[in-house]
Every structure is written in structure tokens, then in C-alpha cells.
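Notes follow the structure.
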Amino acid sequence: MAFVGKKFPNLDVDAMNDMGDTFKLNVLEEAKNKKKKVLLFWYPKDFTFVCPTELHAFQEALQEFEKRDTIVIGASCDTPEVHFAWLNTSKDNGGIEGVTYPILADSNRNLSSTLGILDIANETYNEETGVVTVEGDNVTYRATYLIDEEGTVFHEGINHMPVGRNVAEFLRLIDAYAHVQKNGEVCPANWEEGKDAMNADRKGVASYLAAH
């Protein structure tokens with residue numbers, strides 16, 4: 001199910017921060033109450049391989065997101081305790097020490113299941129035992145959601161486990177959406193801050209294509 005153009009699910013989820021505090025975090029309310037955009041990125045597992053490179057990359061770009069009034073939140077299906085252990089593991093040892101944004105601990109998989117981003121190939125129900133057997137790791141793909149100040153999703157994307165994300169592309173998408181919000185223009189292919197946008201009508205596209 002696609003969530004673009006819809007409100008992000010209204011669910012409270014356990015979260016962990018770098019201080020070791022476990023608390024409830026609701027992504028929808030975070031956007032609406034603080035009147036900020038939210039970038040929520042999911043990764044498969046703590047203490048793995050591509051994942052720490054992404055968490056550090058988002059941390060390195062955190063000031064750029066903050067300049068754009070955007071809150072960064074990480075997420076996986078690990079427990080808060082495992083998150084905290086990883087937060088206390090040095091970068092030299094494959095850890096994420098130094099990451100300061102909150103990380104959701106969706107260990108009951110309520111939110112990730114609602115979003116439909118779990119790696120489940122098949123489910124089999126045994127009528128005799130009443131047991132459901134799942135094929136797949138039952139962890140999340142590398143899903144990313146950009147949510148506006150009203151709680152509406154304006155971008156979602158899902159990468160398979162081996163493929164890391166390009167953080168700069170999310171900054172570009174936030175810039176583009178902010179331009180649309182502010183100016184009412186639409187942003188063409190490969191648009192970046194400072195480049196020409198266009199009016200969403202026949203004359204607008206004709207003028208843009210003629211100039212480019």
C-alpha cells in the first residue's frame with residue numbers, strides 16, 4: 001500500500017536516544033505538533049554492515065536537515081536495549097556512537113507491518129497447530145518516508161537490503177517540496193535549489209522546455 005498523499009499512520013512506538021532514554025514517539029504527531037517535516041528511515045538490523053554507514057551518513061547531514069526544519073528519525077525492529085548497545089559501540093568497531101537523533105524500536109512490528117515494509121516472502125498457517133510460519137527475515141527493507149508539517153507523506157521509497165541510500169537525494173526532495181509549498185510552482189526532472197521551476201500548465205512546460 002502506497003502512503004504518498006496520505007497521512008502517516010497514527011501509532012506510538014518505543015524509541016531510544018543517545019542518552020539511554022526509552023520513550024514513546026509518534027511520527028505523525030511529531031510532524032504536526034512541531035510543524036516540521038520529518039524524514040523517517042528504516043534499516044534492517046542493528047550490528048550489521050550497510051546499516052551503520054547509513055546512520056552515520058544521516059548524522060553527518062543532520063545540520064542540513066535542521067536548516068530545512070526537518071526532523072530525522074531512524075527505525076528498525078530491534079529492541080531499545082539493542083539500540084542503546086549499538087549507540088555505545090564505537091564507529092571503529094562497527095557501531096553508531098555519535099548518532100544523536102532518535103531511533104524507533106518497532107520490536108512488536110506494529111508500524112512496520114502497517115507500512116508493509118517487512119521482508120516476508122510467504123506466510124503459512126497450520127490448521128492443526130494454529131501456528132503461522134513466516135518465510136523471510138521479518139525485518140524491514142530500507143524504507144524512507146518524507147512527511148510534511150501536516151503529517152502527509154510526500155515521498156516514500158524502498159531499497160533492498162544490500163543497497164544503501166543517497167542522503168543528498170532526500171535533501172533535494174525536501175528542497176523541491178518546500179519550493180512547491182512556497183511558490184506554487186512544480187519542479188522538473190533533476191531540479192535542484194536555485195534552478196528554474198515551472199508553472200503547472202501547458203504554457204509553463206512549453207516555456208521551460210524551450211529554455212532548456
TODO: Before giving the answer on side-chain contact (heavy atoms from CB on, under 4.5 Å), spell out for Asn159 and Arg165 the whole-Å C-alpha distance, their side-chain angles and the decisive distance to 0.1 Å.
DONE: CA-CA 8 Å; Asn159 290 10; Arg165 283 162 279 213; 3.6 Å; yes
Task: side-chain contact (heavy atoms from CB on, under 4.5 Å) between Leu39 and Ile73, intermediate numbers included - done: CA-CA 6 Å; Leu39 180 146; Ile73 303 171; over 6 Å; no
Open item on the list: Between Leu146 and Leu173, does the side-chain contact (heavy atoms from CB on, under 4.5 Å) criterion hold? Intermediate values first, please.
Closed with: CA-CA 9 Å; Leu146 292 176; Leu173 288 167; 3.7 Å; yes
TODO: Start with the C-alpha gap between Tyr208 and Asp196, add the side-chain angles, then the distance that decides, and say whether side chain to side chain donor-acceptor pair (under 3.5 Å) holds.
DONE: CA-CA 8 Å; Tyr208 180 86; Asp196 292 338; over 6 Å; no
Task: Steps toward salt bridge (charged side-chain N to carboxylate O under 4.0 Å, His left out) verdict (Glu30, Lys36) - done: CA-CA 8 Å; Glu30 195 77 356; Lys36 292 188 176 185; over 6 Å; no
Open item on the list: Would Thr144 and Tyr43 count as a side-chain contact (heavy atoms from CB on, under 4.5 Å) here? Give the steps.
Closed with: CA-CA 9 Å; Thr144 314; Tyr43 61 92; over 6 Å; no
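Put simply, the side chain of Arg142 never gets that close to the backbone of Glu54: no donor and acceptor are under 3.5 Å apart. Under the 3.5 Å distance criterion, the side-chain polar atoms of Asn126 are matched with a main-chain donor or acceptor of Glu128. When atom types are taken as modelled, the side chain of Asp78 and the backbone of Lys45 share no donor-acceptor pair closer than 3.5 angstrom. Using modelled atom types, no side-chain atom of Thr70 and backbone atom of Glu66 make a donor-acceptor pair closer than 3.5 Å. Without hydrogens or angle criteria, Asp175 side chain to Ala178 main chain gives no donor-acceptor distance under 3.5 Å. Checking side-chain atoms of Asp119 against main-chain N and O of Thr140 turns up no donor-acceptor pair under 3.5 Å. Although no hydrogens or angles enter the test, the distance criterion places a donor-acceptor pair under 3.5 Å between the side chain of Glu156 and the main chain of Val4. Judged purely by atom type and a 3.5 angstrom limit, Arg172 has no side-chain atom pairing as donor or acceptor with the backbone of Glu192. Although no hydrogens or angles enter the test, the distance criterion places a donor-acceptor pair under 3.5 Å between the side chain of Asn166 and the main chain of Ala168. Between the Thr53 side chain and the Phe49 main chain, no donor and acceptor come within less than 3.5 Å of each other.
How far CG of Leu115 is from CZ of Arg109: 13.5 Å, rounded to the nearest 0.5 Å. Considering CG of Asn138 and SG of Cys77, their distance stands at 7.0 Å, rounded to 0.5 Å. Separation of atoms CG (Leu118) and OH (Tyr141) is listed at 9.0 Å; rounding is to 0.5 Å. In this structure, CD on Glu135 lies 5.5 Å from OG1 on Thr124, to the nearest 0.5 angstrom. Here the CD1 atom belonging to Ile96 is positioned 5.0 Å from the CG atom belonging to Leu55, to the nearest 0.5 angstrom. Residue His212 holds its NE2 atom at 11.0 Å from CG of Asn190, rounded to the nearest 0.5 Å.
For the pair Trp42/Ser112, a side-chain contact is recorded, criterion being any heavy-atom separation below 4.5 Å from C-beta on. For the pair Asp14/Lys24, a side-chain contact is recorded, criterion being any heavy-atom separation below 4.5 Å from C-beta on. Side-chain contact check for Asn110 versus Val13: every heavy-atom pair is 4.5 Å or farther apart. Looking only at side-chain heavy atoms (C-beta outward), Asp18 and Pro102 stay at 4.5 Å or farther from each other. Side-chain atoms of Phe8 and Phe3, non-hydrogen and from C-beta on, never get closer than 4.5 Å to each other. Annotation: side chain of Ser76 is in contact with side chain of Asp46 (closest heavy-atom distance under 4.5 Å). A heavy-atom distance below 4.5 Å is found between the side chains of Leu104 and Leu111. Leu25 is not listed as a side-chain neighbour of Asp12, based on a closest heavy-atom distance of 4.5 Å or more.
A continuous path of Ile, Leu, Val, Met, Phe, Trp and Tyr side chains, each step under 4.5 Å between heavy atoms, connects Phe47 with Val99, placing both in one hydrophobic cluster. Criterion: ILVMFWY side-chain heavy atoms under 4.5 Å apart, direct or through other members. Under it, Phe65 and Phe154 are part of a common hydrophobic cluster. A continuous path of hydrophobic side-chain contacts links Leu40 to Leu11 [ILVMFWY only; heavy atoms under 4.5 Å]. Neither Val180 nor Tyr145 shares a network with the other; the hydrophobic side chains, linked directly or stepwise wherever heavy atoms of I, L, V, M, F, W or Y lie under 4.5 Å apart, form separate groups for each. No chain of hydrophobic side-chain contacts below 4.5 Å, direct or via other Ile, Leu, Val, Met, Phe, Trp or Tyr residues, connects Val186 to Ile174.
Contact detail for Glu185 and Asn199: the closest heavy-atom pair is CG-OD1, 4.1 Å. Of all the heavy atoms in Asn17 and Leu87, the pair that sits closest is O-CD1, 3.6 Å. Heavy atoms only, all atoms of each residue included: Thr79 and Ser107 are closest at CG2-CB, 4.2 Å. Closest of all the heavy-atom pairs between Tyr177 and Asp148 is OH-OD2, 3.2 Å. For the pair Cys51 and Trp86, the tightest heavy-atom approach, listed with the atom from each and the gap, is CB-CH2, 3.9 Å. Closest of all the heavy-atom pairs between Ala197 and His179 is CB-NE2, 3.4 Å.
In summary, Glu64 and Arg68 engage in a salt bridge, as defined by a charged side-chain N under 4.0 Å from a carboxylate O. The pair Glu149-Lys37 meets the salt-bridge criterion, with a side-chain N (NZ, NE, NH1 or NH2) lying under 4.0 Å from an Asp/Glu carboxylate O.
Below 30°, between 30° and 60°, or above 60°: for Phe41 and Tyr101 the angle between ring planes is above 60°, a perpendicular geometry.
Side-chain contact, Gln59 with Thr100: a donor N or O sits under 3.5 Å from an acceptor N or O.
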